[in-house]
Amino acid sequence: LCVGLLRFLKTHCESVDAEALLKRTGVKSLADENLSILTSGRIQGPFCWQLHRPVIVLPAFLLADDDATLRHVLLHEVEHLRTQHPMQHFLQGVCSTVFWFHPMVWWASQESSLRREYACDEAAIDSPQEIAQYLRTLLTIIEYGASQQDESPTPLAFGRGKSIIAHRARRLTEIARNHRMPRPFEISGTKACCSLVCIAAFIGMIWL
């Protein structure tokens, strides 16, 4: 996956003026990182990755969309990077591979993916009143993806499977109905990664 992704970024993506795009949409970049934004016509939806430097890849059609849609997408992806979700995703894959025989590891992996998306959705909206526009952004990407073929190995895509999207939409609808934002749960990327590895190892020992 990593090799294929790096090849895709090098051969099928074009660089975008990140500073100008972030300024245009009013999105703050990562404090201590040199964020790179790329675009490609070969992907259904945006995604992010981080190896030596953080990267956000946007489908070409989004650059011609309105600023509100771009802002929501960028806020979502920047939150993935800020909370080190690419590294968590990588370690999650390692744990799932090592403990492939344990159903609880697969369940925990699915729940972790869903919670990461929840956190990034909430970071992209300032109030329940913004949720309708955010759902329209998600719908725009889903509709475009339904008519296109995704040719990239996307590790953390904005829209990830019908089941996850349905859960996200229901949660956002509940937030809007309650007229209040949930309290954020903060945990550092390092602590999250270590916790994931320790829990997987513990479950594996119990299973054995």
Side-chain angles (χ1 to χ4, degrees), residues 5 13 16 18 21-22 24-30 35 37-50 54-83 85-86 88-89 92 109-185:
L5 178 58
C13 296
V16 175
L21 187 59
L22 293 173
R24 166 186 159 189
T25 54
V27 176
K28 293 183 180 180
S29 180
L30 303 177
L35 176 64
I37 299 180
L38 306 176
T39 183
S40 174
R42 292 173 172 258
I43 56 175
Q44 294 179 354
F47 69 93
C48 66
W49 185 243
Q50 184 171 4
V55 177
I56 293 175
V57 185
L58 302 174
F61 84 93
L62 270 184
L63 296 179
D65 214 315
D66 61 272
D67 288 355
T69 297
L70 268 175
R71 174 179 168 79
H72 286 146
V73 169
L74 289 172
L75 285 171
H76 183 100
E77 301 304 329
V78 166
E79 183 67 10
H80 271 310
L81 294 170
R82 187 188 71 81
T83 50
H85 285 172
Q88 294 176 32
H89 180 82
Q92 176 180 310
S109 178
Q110 293 175 353
E111 285 296 306
S112 297
S113 297
L114 186 58
R115 301 302 165 179
R116 283 196 294 266
E117 295 304 319
Y118 285 168
C120 293
D121 285 341
E122 292 165 13
I125 52 177
D126 294 326
S127 66
Q129 289 70 34
E130 281 193 67
I131 290 177
Q133 177 61 44
Y134 189 82
L135 288 172
R136 282 194 289 271
T137 297
L138 191 58
L139 181 60
T140 297
I141 294 172
I142 294 170
E143 289 178 339
Y144 179 81
S147 63
Q148 302 294 321
Q149 181 177 358
D150 198 324
E151 302 180 31
S152 71
T154 51
L156 283 169
F158 186 83
R160 296 188 45 174
K162 295 180 180 179
S163 177
I164 287 182
I165 291 171
H167 282 296
R168 291 167 62 188
R170 280 196 294 269
R171 179 176 174 79
L172 290 169
T173 302
E174 290 174 2
I175 292 174
R177 187 181 297 118
N178 294 332
H179 301 289
R180 63 184 180 85
M181 299 292 293
R183 296 179 61 183
F185 175 71

List the atom of E77, the atom of P46, and the distance in Å for their closest heavy-atom pair.
OE2-O, 3.8 Å
Would you mind reporting whether I43 and C13 have side-chain heavy atoms less than 4.5 Å apart?
no
Heavy-atom distance under 4.5 Å between the side chains of D121 and R171, does that happen here?
no
Minimum heavy-atom distance A124-H72, with the two atoms named:
O-CD2, 3.5 Å
Are the side chains of S40 and P59 in touch, meaning some heavy atoms are under 4.5 Å apart?
no
CZ on R115 to NE2 on H167, rounded to 0.5 Å:
9.0 Å
Restricting to side-chain hydrogen bond (donor to acceptor under 3.5 Å, both in side chains), what partner residues turn up for S127, sequence neighbours left out?
Q129
For a salt bridge (Lys or Arg N to Asp or Glu O under 4.0 Å) check, start with the C-alpha distance between R177 and E174, then their side-chain angles and the critical distance, and finish with the verdict.
CA-CA 5 Å; R177 187 181 297 118; E174 290 174 2; 5.4 Å; no
I56 side, atom CD1; F47 side, atom CZ - distance, nearest 0.5 Å:
11.0 Å
Taking all non-hydrogen atoms of both residues into account, name the closest pair between L172 and I131 and its distance.
O-CD1, 3.2 Å
For D65, which residues count as a salt bridge (charged side-chain N to carboxylate O under 4.0 Å, His left out) partner, sequence neighbours excluded?
none
Shortest non-hydrogen contact from L81 to P54?
CD1-CB, 3.7 Å
Can you name the nearest heavy-atom pair linking Q88 to T83, along with the distance?
NE2-O, 2.9 Å
I'd like to check the side chain to side chain contact (heavy atoms under 4.5 Å, CB included) partners of T39; sequence neighbours left out, ordered by chain and number.
E14, V16, A60, L63
When you measure from the side chain of R71 to the backbone N and O of G26, does any donor-acceptor pair fall under 3.5 Å?
yes
To the nearest 0.5 Å, atom NZ of K28 lies from atom CG of L75 at 11.0 Å
Rounded distance (nearest 0.5 Å) linking atom CZ of R136 with atom OG1 of T69:
8.5 Å
From CA spacing to verdict: side chain to side chain donor-acceptor pair (under 3.5 Å), R116, Q92
CA-CA 12 Å; R116 283 196 294 266; Q92 176 180 310; 2.8 Å; yes
E130 CD to I175 CD1 distance, which is reported to the nearest 0.5 Å
12.0 Å
Which one of T137, V73, L74 satisfies the side-chain contact (heavy atoms from CB on, under 4.5 Å) criterion with L62?
V73
Are side-chain N/O atoms of H76 and E117 paired as donor and acceptor at under 3.5 Å?
yes
Is L58 close to L21 at the side-chain level, that is, under 4.5 Å between some pair of heavy atoms?
yes
CZ of F61 to CD of Q44: how many Å apart, nearest 0.5 Å?
9.5 Å
